[in-house]
Amino acid sequence: MAYRSLKHLPIYRKALELCTMSREIASYVSFNKDLMRLCESKSLQDIMANSILTDSILIPQKIAQVEYSNCNNERLETISYINIIIRNINSYCMGLEKHGVKETEYINLLRKEIKSFRKSYKAWKSEHS
């Protein structure tokens, strides 16, 4: 497999955009504004915000793993794992809404970013399947 620069890969750039937005959303909805200590919070809202942040950070790492892997099975498993992460982030968004986050427009912006990422993901996935 040819090694490509990740910074030129559209799916990777989309994943980084998703990370940035997730970081902003997590910072906004968390009661504990220190994102590095978010995992220590007992607040359900903070836990969901931390999960969004953690999962979104995993996506670019997993894309890199697929791009640089020589093992077809590993690539397919990792691609499948990315899909699970995307579903989880959507579930956390729903959880935040149900938990009472009033500013749902921010959550909807994250959903829109996820939807945009998913389109790129499907095209990228078909290249590697």
Side-chain angles (χ1 to χ4, degrees):
M1 165 169 258
Y3 286 78
R4 298 192 279 181
S5 174
L6 290 175
K7 68 181 179 181
H8 298 299
L9 194 61
I11 186 74
Y12 189 78
R13 289 195 312 264
K14 279 289 201 192
L16 293 178
E17 291 170 12
L18 184 60
C19 275
T20 300
M21 182 167 285
S22 295
R23 187 177 304 113
E24 297 299 322
I25 298 290
S27 178
Y28 182 77
V29 302
S30 69
F31 297 124
N32 177 3
K33 298 298 183 193
D34 181 4
L35 295 181
M36 297 302 287
R37 298 196 137 172
L38 204 54
C39 62
E40 298 170 1
S41 176
K42 302 274 190 250
S43 160
L44 180 59
Q45 194 163 319
D46 286 353
I47 292 168
M48 286 185 279
N50 184 57
S51 296
I52 288 171
L53 184 58
T54 302
D55 282 359
S56 69
I57 290 169
L58 281 174
I59 294 173
Q61 295 172 8
K62 295 300 178 182
I63 290 170
Q65 185 177 347
V66 170
E67 286 296 317
Y68 295 139
S69 175
N70 291 324
C71 177
N72 195 41
N73 284 339
E74 179 185 1
R75 282 196 304 272
L76 294 176
E77 286 176 15
T78 305
I79 288 170
S80 181
Y81 185 66
I82 292 170
N83 195 43
I84 292 168
I85 293 171
I86 295 167
R87 283 196 324 252
N88 286 346
I89 294 173
N90 275 321
S91 294
Y92 299 135
C93 288
M94 188 181 312
L96 286 171
E97 272 185 335
K98 292 193 183 289
H99 191 264
V101 172
K102 304 266 187 266
E103 295 78 8
T104 56
E105 64 269 9
Y106 296 122
I107 294 171
N108 288 334
L109 282 173
L110 181 58
R111 283 188 177 120
K112 186 176 176 183
E113 191 68 33
I114 292 167
K115 188 175 182 179
S116 173
F117 174 80
R118 192 180 289 270
K119 285 181 185 178
S120 296
Y121 166 78
K122 286 180 180 179
W124 174 76
K125 177 181 163 183
S126 67
E127 294 174 13
H128 290 83
S129 297

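Just so you know, residue 1 is the first one in the sequence shown, and it goes up from there. For clarity, every value in this text was computed on a predicted model and none was experimentally measured.
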| field | Shortest non-hydrogen contact between Ile89 and Ser56, atoms and distance | value | CD1-N, 3.9 Å

| note | Interatomic distance, CG@Leu16 vs CD1@Ile57, rounded to 0.5 Å, equals 11.0 Å

| task | Name all pairs fulfilling the side chain to side chain donor-acceptor pair (under 3.5 Å) condition that reach into residues 82-97, sequence neighbours left out, sorted by first residue then second. | result | Asn83-Arg118, Glu97-Arg111

| message | For Asn70 versus Arg75, what's the shortest heavy-atom pair and its separation? | response | C-NH1, 3.6 Å

| query | Atom OG1 of Thr54 and atom CG of Leu58: how far apart are they, to the nearest 0.5 Å? | reply | 7.0 Å

| Distance in Å, Glu24 CD paired with Ser22 OG, rounded so as to fall on 0.5 Å steps | 10.0 Å

| task | Sequence neighbours left out, what passes side chain to side chain donor-acceptor pair (under 3.5 Å) with Ser116? Give chain and number order. | result | Lys14

| Side chain to side chain, Leu110 and Leu18, heavy atoms closer than 4.5 Å | yes

| request: Starting from the C-alpha separation in whole Å, work towards a yes-or-no answer on side chain to side chain contact (heavy atoms under 4.5 Å, CB included) for Ile52 and Val29. | output: CA-CA 11 Å; Ile52 288 171; Val29 302; over 6 Å; no

| task | Would you give the length of the straight line joining atom OH of Tyr12 to atom NZ of Lys62, rounded to the nearest 0.5 angstrom? | result | 13.0 Å

| Using 30° and 60° as the class limits, which term best fits the ring planes of Tyr121 and Phe117: parallel, tilted or perpendicular? | parallel

| Val66 backbone acceptor or donor facing Ser69 side chain under 3.5 Å | no

| Is there a path of hydrophobic side-chain contacts, each under 4.5 Å between heavy atoms of I, L, V, M, F, W or Y residues, that connects Leu53 with Met94? | no

| If you round to the nearest 0.5 Å, how far is CD of Glu77 from SG of Cys71? | 7.5 Å

| With side chains defined as the heavy atoms from C-beta onward, is the minimum distance between Val101 and Tyr106 less than 4.5 Å? | no

| remark: What one should report as the nearest heavy-atom pair of Ile25 and Ile107 is CD1-N, 4.4 Å

| Do Tyr81 and Ile11 belong to the same hydrophobic cluster, where Ile, Leu, Val, Met, Phe, Trp and Tyr are linked whenever their side-chain heavy atoms lie under 4.5 Å apart, directly or via other members? | yes

| request: Any chance you could measure Met48, atom CE, to Ser43, atom OG, to the nearest 0.5 Å? | output: 7.5 Å

| field | Donor-acceptor under 3.5 Å (Gln45 side chain, His99 main chain) | value | no

